[in-house]
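First up is the structure itself, then whatever we jot down about it.
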Amino acid sequence: MELELRFPALRAAEQLLAFGPAVEVLEPAELREAVMRRARDTVSLYAEGHGD
């Protein structure tokens with residue numbers, strides 16, 4: 001299913017990360033890149049050996 005959503009700011013749209021892999025941002029490219037960056041940061045936080 002494809003759904004178009006509008007957010008007041010890019011930062012607000014990053015909340016889509018809460019849906020994990022159930023949601024894919026298609027556009028705008030700027031939001032897609034921001035979501036990917038946040039997802040990578042989260043993976044880094046939980047990466048094996050982090051904080052040991």
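None of the values given here were measured: they were computed from a predicted structure. All heavy atoms count here, side chains included; hydrogens, waters and symmetry mates do not. We count residues from 1, following the sequence as given.
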**Request:** Tell me whether Phe19 is reachable from Leu31 by hopping between hydrophobic residues (I, L, V, M, F, W, Y) whose side-chain heavy atoms are closer than 4.5 Å.
**Result:** yes
Show me the side-chain donor-acceptor pairs of residues 6-17 shorter than 3.5 Å, one per line, residues at least two apart or across chains.
| residue | atom | partner | partner atom | Å |
| --- | --- | --- | --- | --- |
| Arg6 | NH2 | Glu4 | OE2 | 3.1 |
| Glu14 | OE1 | Arg38 | NE | 2.7 |
| Glu14 | OE1 | Arg38 | NH2 | 3.3 |

**Item:** Hphob cluster co-occupancy, Val23 + Val35, side-chain heavy atoms under 4.5 angstrom
**Value:** yes
**Asked** Taking ILVMFWY side chains as joined if any heavy atoms are under 4.5 angstrom apart, and letting links pass through other members, which residues group with Leu26?
**Response** none
**Message:** If the condition is side chain to side chain donor-acceptor pair (under 3.5 Å), which residues does Glu27 pass it with, not counting sequence neighbours?
**Reply:** none
**Request:** Check which hydrophobic residues are tied to Met1 through side-chain heavy-atom contacts below 4.5 Å, counting indirect links as well, and list them.
**Result:** none
**Sequence-distant partners of Arg40, side chain to side chain donor-acceptor pair (under 3.5 Å), two or more places apart** = none
**Qualifying residues under side chain to side chain donor-acceptor pair (under 3.5 Å), relative to Glu24, sequence neighbours excluded** = Arg32
**Request:** Tell me, with the steps shown, if Asp41 and Val43 meet side-chain contact (heavy atoms from CB on, under 4.5 Å).
**Result:** CA-CA 5 Å; Asp41 290 348; Val43 168; over 6 Å; no
